[in-house]
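To start, the structure under review is shown below, and the notes come after it.
Because the structure is predicted, anything quoted here is derived from the model rather than measured. Protein chains get the first letters and strands the later ones, always in sequence-line order, with residue 1 at the start of each.
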Protein chains: 2
Amino acid sequence: MTPLPTLRQLQFFMSLVRRESFSKAAEECFVSQSTLSSAIKEMETLLDQRLVDRSTRTFALTPSGEEVATRAPAILAATEDLARAASGRRPLEGAFHLGVIPTIAPFILPRAAVRLHNAYPKLELFLREDLTAALADRLAAGLIDAALLAFPYDLPGIEIIEIGDDPFWFACDADHAFAKRRKLAKEDLGECDLLLLEDGHCLREHAIDACDLSERGGKASFDGTSLFTLAQMTRSGLGATLLPEMAIKQGLAKSVGLVAIPFTKPAPSRKIGVAWRKGSGRGEEAKAIADVIKEIFATSK
Amino acid sequence: MTPLPTLRQLQFFMSLVRRESFSKAAEECFVSQSTLSSAIKEMETLLDQRLVDRSTRTFALTPSGEEVATRAPAILAATEDLARAASGRRPLEGAFHLGVIPTIAPFILPRAAVRLHNAYPKLELFLREDLTAALADRLAAGLIDAALLAFPYDLPGIEIIEIGDDPFWFACDADHAFAKRRKLAKEDLGECDLLLLEDGHCLREHAIDACDLSERGGKASFDGTSLFTLAQMTRSGLGATLLPEMAIKQGLAKSVGLVAIPFTKPAPSRKIGVAWRKGSGRGEEAKAIADVIKEIFATSK
DNA sequence: TTTTTGTAATCGAATTTATCGATCGAATTT
DNA sequence: AAATTCGATCGATAAATTCGATTACAAAAA
């Protein structure tokens with residue numbers, strides 16, 4: 001039988017791939033750098049192949065490394081699903097209606113739907129994409145069981161479990177004055193016009209609040225209706241915009257040819273979480289679903 | 001993050017499921033019974049669920065145990081494929097023509113094809129099902145690169161790597177005189193008529209040789225053309241037959257309502273292996289393919 | 001150039017974990 | 001009742017993992 005790498009090694013490796021740094025990955029995995037370093041090395045010995053190219057300054061995987069990076073996530077996900085399915089096993093059967101806002105849905109849901117099905121085969125997931133306000137109404141009316149939203153957002157009578165922090169990135173055309181910058185401070189934004197989503201999208205408010213922007217008039221709020229059209233419009237030279245990291249990491253900026261620039265810490269951000277109506281009896285299920293989404297969110301950084 | 005069971009634990013568990021015995025499984029895994037026992041226990045603690053029902057005398061899995069037993073093989077297979085794909089990585093690209101005999105093909109190939117594709121995505125596998133003699137000719141002519149055959153079989157100029165031992169089982173209708181027996185010795189066979197595959201199938205020769213049967217005349221060689229029809233005919237009260245274990249384990253006897261009875265050790269058996277033409281240059285690839293098939297063969301016992 | 005900084009490899013000690021053999025108790029079989 | 005089989009458990013021992021400290025190296029800054 002072929003000797004197998006450890007799941008732990010695969011976790012370390014995937015963290016390494018994500019963070020592109022041994023020490024950062026070690027931090028993420030709550031182990032010392034030496035531990036992670038030797039774990040990777042041992043895996044390389046086992047497979048008899050280099051996985052990471054240490055010769056160049058920039059982080060790079062070898063072909064074998066790419067191979068592992070491609071396959072490992074499915075293995076880890078399947079094992080997590082196994083653990084979930086075999087353990088405590090909340091009900092999580094039958095219909096569950098989940099609302100999601102448009103600035104999250106396309107970047108999380110495709111993978112989440114698969115994972116949820118694997119973890120809870122008997123779960124029938126119904127999805128509804130809508131703005132926060134509309135989802136809150138539906139939540140209150142009991143039309144949906146839970147909602148994947150961005151915060152802060154005042155929602156009385158609602159319980160929330162946090163998924164994580166989603167920082168904003170600055171995105172602009174290659175011709176833009178900031179295009180060559182490696183980092184930006186939010187104070188820099190005072191100088192330039194920004195395209196934002198039309199009113200009603202919480203992303204707009206969150207961006208304005210987080211970056212201390214005033215509600216400035218003028219073309220600054222040209223108003224796109226989705227992050228894809230927004231990115232497209234920005235590309236057409238209409239200015240710059242702010243995009244959530246989860247969209248960046250899914251390749252939104254790259255796919256339309258935009259330059260994406262992170263902010264200096266503390267980076268402005270919105271919070272992502274799952275909400276449900278207090279006393280709806282669906283809290284446990286919502287938490288279980290949040291757990292799966294949290295996994296996906298964490299591993300797509 | 002959910003704590004994960006170890007691959008090792010999953011391996012132990014699957015071995016336990018296969019062997020239906022802690023000590024047998026421990027033996028198979030080359031560890032002591034106490035080691036395996038505590039590994040299973042630890043996994044149960046981790047998942048906070050019993051996986052094996054120890055209350056009854058007969059081996060039984062709990063629902064959670066079934067869940068794990070269903071999911072674990074895919075995880076282990078995927079990890080093995082990862083290791084194979086990332087390591088040494090022989091060519092194994094492009095076309096590869098593999099011959100398989102009819103008494104093996106249906107019980108191994110479905111899974112083998114999937115695994116081979118995962119392990120070697122660039123491999124294009126072409127299959128040909130035929131009798132040993134025909135495959136040997138094709139091998140010699142270079143029309144196929146390797147063949148999955150049963151042995152012994154005299155094949156000059158051919159190299160072989162062994163996959164494993166495939167014991168014969170006695171299979172009969174519930175009305176048969178032997179139907180209630182738990183075990184049989186091959187000497188018992190002298191008394192009864194046996195249905196065998198028609199001439200040309202090596203399985204026929206192997207069964208006769210292994211069980212010290214003479215070429216008796218009469219209805220004893222009614223002659224089926226495939227194991228499925230053979231099993232069907234046996235079910236129709238035409239007698240009893242000998243089936244290879246790989247077919248039994250795939251449920252062939254059960255699916256047609258036959259009683260399957262193992263032989264006392266040393267059980268009569270045929271050997272399974274992969275053959276290729278000496279000097280064909282395809283030896284390494286054949287070995288790699290044999291490795292994958294070996295996995296499947298071992299885990300389907 | 002030299003210094004500084006960030007990054008990864010390495011070493012040795014301490015700890016944790018895994019493994020084994022022996023033994024025990026419960027359930028079956030003889 | 002005695003013998004057998006099977007799995008759980010215990011304590012000693014061997015093996016591994018882990019960490020912190022240190023070293024080595026390369027790029028960036030002075």
Q) How many angstroms lie between CG in B:Leu258 and OG1 in B:Thr241, if you round to the nearest 0.5 Å? A) 8.5 Å
Q: Assign B:Ser23 to base, sugar-phosphate, or nothing according to its heavy-atom contacts below 4.0 angstrom with the strands shown.
A: sugar-phosphate
Q) Between D:dG7 and B:Ser21, is there an OP1 or OP2 to side-chain N/O distance shorter than 4.0 Å? A) yes
Q. Considering only C:dC20, C:dA18, D:dG7, which nucleotide approaches the side chain of B:Ser34 most closely?
A. C:dC20
Q) Under 4.0 Å between a side-chain N/O of B:Ser37 and OP1 or OP2 of D:dG7, yes or no? A) no
Q) Once you round to the nearest 0.5 Å, how far does CD1 of B:Ile161 lie from CD1 of B:Ile272? A) 14.0 Å
**Q.** side-chain N/O B:Ser32 vs C:dT19 OP1/OP2, d < 4.0 Å
**A.** no
Q) B:Glu42 has an atom CD; how far is it from atom C1' of C:dT16, in whole Å? A) 12 Å
Q.
Can you tell me if A:Arg8 touches the phosphate of D:dT18, counting only side-chain N or O atoms and a distance under 4.0 Å to OP1 or OP2?
A. yes
(Q) Between A:Arg19 and C:dA8, is there a contact of a side-chain N or O with OP1 or OP2 at under 4.0 Å? (A) no
Q | Nearest-Å distance for atom pair CD1/P, residues B:Ile40 and D:dG7 | A | 11 Å
Q: Return the value, rounded to whole Å, for the distance between atom CZ of B:Phe59 and atom C1' of D:dG7.
A: 12 Å
(Q) Can you measure B:Leu51 atom CG to D:dG7 atom P for me and round it to whole angstrom units? (A) 15 Å
Q. To the nearest Å, how far apart are B:Asp53 CG and D:dG7 P?
A. 12 Å
Q) Given that both distances must come in under 3.5 Å, which nucleotide forms a Watson-Crick or G-U wobble pair with C:dT7? A) D:dA24
(Q) Over all strands shown, is A:Gln9 touching base, sugar-phosphate only, or nothing at heavy-atom distances under 4.0 angstrom? (A) nothing
Q.
Looking only at side-chain N and O atoms, does B:Ser32 offer a donor or acceptor that is under 3.5 Å from a partner on B:Ser34?
A. yes
Q: Report the distance from atom CG of A:Leu36 to atom P of C:dA8, rounded to the nearest whole Å.
A: 9 Å
Q. A:Phe12 CZ to C:dA8 P: how many Å, rounded?
A. 15 Å
Q: Keeping the roles fixed (side chain from A:Arg71, backbone from B:Asn118), state whether a donor-acceptor pair exists under 3.5 Å.
A: yes
Q | Nucleotide forming a Watson-Crick or wobble pair with D:dA15, both distances under 3.5 Å | A | C:dT16
Q) Nearest heavy-atom pair of A:Asp53 and A:Thr62: which atoms, and what distance? A) N-CG2, 4.1 Å
Q | Atom pair distance, as rounded to whole Å: CD in B:Glu44 and C1' in D:dA8 | A | 12 Å
Q: Give a yes/no on whether any side-chain N or O of B:Lys41 is located under 4.0 angstrom from OP1 or OP2 of D:dG7.
A: no
Q: Could you tell me whether the phosphate oxygens of C:dG6, OP1 or OP2, come under 4.0 Å of any side-chain nitrogen or oxygen in A:Lys24?
A: no
Q.
From the set C:dA9, D:dC19, C:dA18, return the single nucleotide nearest to any side-chain atom of A:Phe22.
A. C:dA9
Q: Please determine if B:Lys41 and B:Glu44 form a salt bridge, counting it only when a charged side-chain N lies under 4.0 Å from a carboxylate O.
A: no
